[in-house]
Amino acid sequence: MTTYAPSEIEAKWQAAWADAETFKAVRSEDKPKYYVLEMFPYPSGNLHIGHVRNYTMGDVIARYKLATGHNVLHPMGWDAFGMPAENAAMASGGHPKDWTYANIAHMKSQMLPLGLSLDWTREFATCDPEYYGQQQALFIDFLEKGLIYRKKATVNWDPVDMTVLANEQVIDGKGWRSGAEVERRELVQWFFKISDYSEELLNALDGLDDWPAKVKLMQSNWIGMSRGIEINFERTDGGDPIVCYSTRPDTMRGASFIAVAPDHPVSKALADDNPELAAFVDECRKMDTTEVAMEKAEKKGIDTGIRVKHPVYPDQELPVWIGNFVLMDYGTGAVFGCPAHDQRDLDFARKYDLPVRNAFYMPGEEVEVANEALVPAKSEQVVFIDHFAGIEKVTSQEAIDATIDYFEANGLGKGQTKFRLRDWGLSRQRYWGCPIPIVHCDDCGVVPEAKEKLPVQLPDDVSFDIPGNPLDRHPTWRDCACPSCGKPAKRETDTMDTFVDSSWYFARFTAPRASTPTDIDDAAYWMNVDQYIGGIEHAILHLLYSRFFARAMQMTGHLPQGTEEPFNALFTQGMVTHEIYKTTDKDGRPVYHFPSEVTDGKLADGTKVDIIPSAKMSKSKKNVVDPDEILAKYGADTARWFVLSDSPPERDVEWTASGAEAAYKHLGRVWRIAHEISTSDGGDAAQDEDLLRAMHKTIMDATNGIESFGFNAAIAKLYGFTATLAKSKASVGAKREAAKVLAQLMSPMTPHLSEEVWSLLGEEGLIANAPWPVADESMLVEDTITLPVQVNGKRKSEIAVAADAAKDVVESIALSDEAIQKHLDGATPKKVIVVPGRIVNIVI
RNA sequence: GCCGGUGUGGCGGAAUGGUAGACGCAGGGGAUUCAAAAUCCCCCGCCAGCAAUGGCGUGCCGGUUCGAGUCCGGCCACCGGUACCA
């Protein structure tokens, strides 16, 4: 072999690793353990370049940790339940199960040639009955401990297809298939009591030192702790008082109306015999259930005719409105509106001609609010008008605290800490998910299935020719015996949210074949995940749910102590984006095209496509890249090297094919250099020190780069060192040493090439098992350094000084520099700043 | 709407508050070759200038500092999340 031949090299070394079981995770007490995990993929059918990037990052860490003496656990599996499988079945026949397992087989066949250091003996899919059966056992244990309960909740209902729609299936308030106006419908559903852990999940964020600050901030805002007050408003008609929750009781003087949610008991009661109100409530029900739809919808309301007394100014009466912007889920489902200090309330007040009264002014600006609400930061000082608690000029925050005290002291309300976080609804009215192991018995009610009957398996004989849940209409599947009394009963036909599947898979990987959800010894050894890697799109829900699950599993004895926070370190890699290519069909509907179908902005038949700027790769937009082509052309090492080299790991990367060629050239160059060294001798030993100094500097830089997720920076240093090595005239002995180290430093990114170079240079054994090189500190010390010299903060020259030169020596060298003299032009510097080892700045 | 993030040459990007543009791509020039491919070497932010050099320059406006891509305030654009996409 005289040229770099990745296809030969890669197959050879993958076989060698498999024979040696190099990546099998083994428990032993002589080494520290390291658990590295990348978020497992949804088996959409094709690996895309984003997967390659994600798994390569994890692989770099895993291989590096192996080389630094750890027992590494690096598993892989499949997040295999979910809607796309059912959609595929509806669109083109077939069965979700067949579709899913075929996709897994294909994706695995694409993943294997990447040479990832995965322990494939631990592989599982969440749709394996062995996995979801254990998940059903967890459900039953959680239920017993009071972590799961039932209540009514709203869903998007498609009245034509007679089915529940996911939020993404509702487009502009209409069902994606039927086009029918979507309605909200209440169903009894199962919930995890995650809200019991609101405060704990919030406080524990502080301990997550190796999580990105932005993720902790997003979770913190999501949990959304607020201090407020519940205030009773007495009705003038003697009905039950309306309880409002407010975080801004300091604005009470400006209260001008009460707004209740359309599904508030008051609204419901009135709608029963008031057709106008009923029509409005009905209209509100037509809105889809997402937060964004609620917030962006036009704020509308209707006066109920009910009046309440202002609790502080009893001679004032406030009208009670039903508002489409009030959420029954948050607080008490009723708020008071203070138009002067809330823009939404102000818009509402102007629209319906309600009074606007300031509660406070800014100091020195006694201006009544017109069309822009006065909403200063809570830390700003404001002047209150006629404040009932006797306060005048304080910050809003102080006023809030004082008002809560005043209300409590006068029996007008009670201080409350509330959380934005809602309980997690897990019921889904779909087939392709984990069946909820519950039996409904006429006599015994809601009964969990007996554990020895698990898994409650999905039936295979189902059809998807009509919408709706096939479990519901299956002729026999629902029929069962009540686990409690033994009489005929019916199974629950709802399945679990797929977030449940991904909330504990990391724990299952520690003992994937255990006959219980986890093996406590294995979990104790391998948990926690030392490094978790995944997309920022999971910053809130998946990670929060997993944190909740770790606590719940601990409470039910499925995880040992110390695993409340299951992910010690988190890294959120950027997404791979791509342009979107769109044309329009004869009815004006968009048609998307894969990048492989588009050349120079045109389809094969010459049709020009519209190019939409890069966005997250998604199947529906077809802006995905299939890595098969890259692997066939260049091999895995090139693909791995390129996805890491071109962009910092935490940032999005736009896929371009042009860089792959460059990566391939570089790897060929490294191979050639090693080949040359292995077949030559001689050289000039006087050059050795320069080469070895560069080598030790590179060991340090590349190691730091890997440890800090600066893979692109590490690669830049490796490019530089390769050039140094290529040009070096040093002795073959030194060059051999340098090439071996280069191969090692590259090995986490280009493992196959590195093994080949290692063996070319005469090393026995696998580079994967070789100890990581350590930089010799004494080779890193420099005698002379170059310092930039600025005049008034702009660089004008540079000087060479001894590394340990004193400040005044540096100053005089700088001042006597020819270029600096010219700039000073005889003037005396006002000030000279010398930052040792960094810079000199002369101020004139 | 709300929460979080990002913005630097033709392009991807580098830079503990200290030489802006490392490294790579594209482009230009050269060596080698009968010729090409491959490989190797050099140049490459913008404007002015033959050059030396000077001025400008990190989305926009302002501030802090001897010094700001980096810190602070206010905007703009784009990306992610927004609880049933995964």
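Lettering of chains follows the sequences in order, A, B, ..., and the numbering in each one begins at 1.
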Asks: Have Trp424(A) and Asp497(A) got a donor and an acceptor in their side chains that come within less than 3.5 Å?
Replies: yes
Asks: Rounded off to whole Å, could you give me the CZ-to-P distance for the Arg795(A) and rG54(B) pair?
Replies: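 The answer, rounded to whole Å, is 10 Å.
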Asks: Paired with rU33(B): which nucleotide, if any, by Watson-Crick or G-U wobble criteria at under 3.5 Å for both distances?
Replies: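 In the structure as shown, rU33(B) has no Watson-Crick or wobble partner.
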Asks: Does the plane of the ring in Trp671(A) sit parallel, tilted or perpendicular to the ring in His675(A)? Use 30° and 60° as the thresholds.
Replies: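 Correct class here is parallel.
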Asks: Using a heavy-atom cut-off of 4.0 Å across all strands, would you classify Gln343(A) as base, sugar-phosphate, or nothing?
Replies: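 The answer is nothing, as Gln343(A) stays clear of every strand by at least 4.0 Å.
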Asks: Looking only at atom P, what distance separates rA36(B) and rG29(B), rounded to whole Å?
Replies: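 The same atom, P, in both gives a distance of 14 Å.
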Asks: rG12(B) phosphate, OP1 or OP2: any side-chain N/O from Ser647(A) under 4.0 angstrom?
Replies: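 Checking rG12(B) against Ser647(A), no side-chain N or O comes under 4.0 Å of OP1 or OP2.
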Asks: Under the criterion side-chain contact (heavy atoms from CB on, under 4.5 Å), which of Gln189(A), Arg184(A), Glu186(A) is the partner of Val155(A)?
Replies: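 Exactly one option meets the side-chain contact (heavy atoms from CB on, under 4.5 Å) with Val155(A), and it is Gln189(A).
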Asks: Test for a donor-acceptor pair under 3.5 Å between the base of rC66(B) and the side chain of Asn841(A), counting only N and O atoms.
Replies: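 Such a pair is found, so the answer is yes.
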Asks: Side chain of Glu537(A) only, please: which of rC3(B), rG18(B), rA86(B) is the nearest?
Replies: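 Nearest to the side-chain atoms of Glu537(A), counting from C-beta on, is rA86(B).
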Asks: Would you indicate what Gln429(A) reaches in the nucleic acid, counting non-hydrogen atoms under 4.0 angstrom: base, sugar-phosphate, or nothing?
Replies: base
Asks: Would you indicate which nucleotide in rU19(B), rG4(B), rC23(B) comes nearest to any side-chain atom of Ala716(A)?
Replies: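 Ranking rU19(B), rG4(B), rC23(B) by closest atom to the Ala716(A) side chain puts rC23(B) first.
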Asks: Across the strands shown, which category fits Ala539(A) at heavy-atom distances under 4.0 angstrom: base, sugar-phosphate, nothing?
Replies: nothing
Asks: Between rU58(B) and rC71(B), how far apart are the C1' atoms? Round to whole Å, please.
Replies: 16 Å
Asks: Side-chain contact test, heavy atoms from C-beta onward, threshold under 4.5 Å: evaluate it for Lys796(A) versus Val789(A) and give yes or no.
Replies: no
Asks: Are any of Lys216(A)'s side-chain N or O atoms less than 4.0 Å away from OP1 or OP2 of rG5(B)?
Replies: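 Lys216(A) to rG5(B) OP1/OP2: no side-chain N or O under 4.0 Å.
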Asks: Taking any strand in view, what nucleotide pairs with rA86(B) in a Watson-Crick or G-U wobble way, both distances under 3.5 Å?
Replies: none
Asks: Considering only side-chain heavy atoms of Arg672(A), which listed nucleotide, rG80(B), rG18(B), rU39(B), is closest?
Replies: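 From the listed options, rU39(B) comes nearest.
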Asks: Looking only at side-chain atoms of Asn167(A), point me to the closest of rU19(B), rA83(B), rA86(B).
Replies: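 Closest of the options to the side chain of Asn167(A): rA83(B).
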Asks: Give me the distance, rounded to whole Å, that separates rU53(B) from rG59(B) when you measure between the C1' atoms they each carry.
Replies: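 So the two C1' atoms sit 31 Å from each other.
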Asks: Measuring only the C1' atom in each nucleotide, how far is rC43(B) from rU33(B)? A whole number of Å is fine.
Replies: 23 Å
Asks: May I have the distance from Phe499(A) (atom CZ) to rA83(B) (atom C1'), rounded to whole angstrom?
Replies: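 Computing the Phe499(A):CZ to rA83(B):C1' distance gives 8 Å.
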Asks: Sort out the partner of rA15(B) for me: Watson-Crick or G-U wobble, both distances under 3.5 Å, none otherwise.
Replies: none
Asks: Any side-chain N or O of Ser645(A) below 4.0 angstrom from OP1/OP2 of rG24(B)?
Replies: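 No, Ser645(A) has no side-chain N/O under 4.0 Å of OP1/OP2 on rG24(B).
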Asks: Phosphate oxygens OP1/OP2 of rU16(B): is one of them under 4.0 Å from a side-chain N or O of Arg838(A)?
Replies: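 No, no such contact exists.
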Asks: Looking at rG62(B), which nucleotide sits across from it as a Watson-Crick or G-U wobble partner, both distances under 3.5 angstrom, or is there none?
Replies: rC72(B)
Asks: Among Trp504(A), Tyr197(A), Phe191(A), find the one that has a ring-ring contact (aromatic ring centres under 6.0 Å, His included) with Phe548(A).
Replies: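 Among Trp504(A), Tyr197(A), Phe191(A), the one meeting ring-ring contact (aromatic ring centres under 6.0 Å, His included) with Phe548(A) is Tyr197(A).
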Asks: Heavy atoms from C-beta onward define the side chain here; which of rC85(B), rU82(B), rG55(B) lies closest to that of Glu291(A)?
Replies: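 My answer, after comparing the listed nucleotides, is rU82(B).
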Asks: With a 4.0 Å cut-off on heavy atoms, is Val835(A) in touch with a base, just the backbone sugar-phosphate, or nothing at all?
Replies: base
Asks: Are OP1 or OP2 of rC79(B) and a side-chain N or O of Arg651(A) less than 4.0 angstrom apart?
Replies: no
Asks: Classify the nucleic acid contact of Arg669(A) as base, sugar-phosphate or nothing, counting any heavy atom under 4.0 Å across all strands shown.
Replies: sugar-phosphate
Asks: Give Leu217(A) one of three labels, base, sugar-phosphate or nothing, depending on what nucleic acid heavy atoms sit under 4.0 Å from its own.
Replies: sugar-phosphate
Asks: What's the gap between rA15(B) and rG69(B) when it is taken at their P atoms, as a whole Å value?
Replies: 15 Å
Asks: Taking 4.0 Å as the cut-off, does a side-chain nitrogen or oxygen of Asn712(A) come that near to OP1 or OP2 on rA14(B)?
Replies: yes
Asks: Under 4.0 angstrom, heavy atoms only, what part of the nucleic acid is Val155(A) near: base, sugar-phosphate, or nothing?
Replies: base
Asks: Side chain of Glu798(A): nearest nucleotide among rG4(B), rU19(B), rA83(B)?
Replies: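 Comparing rG4(B), rU19(B), rA83(B) against the side chain of Glu798(A), the answer is rU19(B).
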Asks: Identify whether any heavy atom of His538(A) sits under 4.0 Å from a base atom; if not, whether one sits that close to sugar-phosphate; answer base, sugar-phosphate or nothing.
Replies: base
Asks: Taking any heavy-atom pair under 4.0 Å as a contact, classify Lys727(A): base, sugar-phosphate, or nothing.
Replies: sugar-phosphate
Asks: Taking any heavy-atom pair under 4.0 Å as a contact, classify Val164(A): base, sugar-phosphate, or nothing.
Replies: base
Asks: When syn is taken as a glycosidic angle within 90 degrees of 0, is rG73(B) syn or anti?
Replies: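 It is anti.
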Asks: From the options rA22(B), rG5(B), rG24(B), select the nucleotide whose nearest atom is closest to the side chain of Tyr719(A).
Replies: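 For Tyr719(A), the side-chain atoms sit closest to rG24(B).
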Asks: Choosing from rG4(B), rU82(B), rG1(B), which nucleotide comes nearest the side chain of Leu541(A)?
Replies: rU82(B)
Asks: Report which part of the nucleic acid Lys296(A) touches: base, sugar-phosphate, or nothing (heavy-atom distance under 4.0 Å, all strands).
Replies: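 Lys296(A): base contact, heavy atoms under 4.0 Å.
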Asks: Side chain to side chain donor-acceptor pair (under 3.5 Å), that's the test. Do Ser226(A) and Tyr330(A) meet it? Break it down for me.
Replies: CA-CA 11 Å; Ser226(A) 67; Tyr330(A) 186 70; 3.3 Å; yes
Asks: Can we say Lys193(A) and Asp423(A) salt-bridge, meaning some charged N sits less than 4.0 Å from an Asp/Glu carboxylate O?
Replies: no
Asks: From the set rA20(B), rC85(B), rG13(B), return the single nucleotide nearest to any side-chain atom of Pro648(A).
Replies: rG13(B)
Asks: Closest approach to the side chain of Lys831(A), judged atom by atom: which nucleotide of rA86(B), rC66(B), rC42(B) is it?
Replies: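 Closest nucleotide among those given: rC66(B).
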Asks: Report the base-pairing partner of rC44(B) (Watson-Crick or G-U wobble, both distances below 3.5 angstrom), or none.
Replies: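 Checking every strand shown, rC44(B) finds no partner, since no pair has both distances under 3.5 Å.
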Asks: Quick one, Thr786(A) and Ile799(A) - any side-chain contact, counting heavy atoms below 4.5 Å?
Replies: no
Asks: Would you mind telling me which residue lines up with the more 5' stretch of RNA chain B, Tyr545(A) or Lys665(A), judged by nearest nucleotide?
Replies: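 Between the two, 5'-proximity favours Lys665(A).
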Asks: Would you kindly compare Ala723(A) and Thr290(A) by the position of their nearest RNA chain B nucleotide and give the one closer to the 5′ end?
Replies: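 Mapping each residue to its closest nucleotide by heavy atoms, the 5'-most match is Ala723(A).
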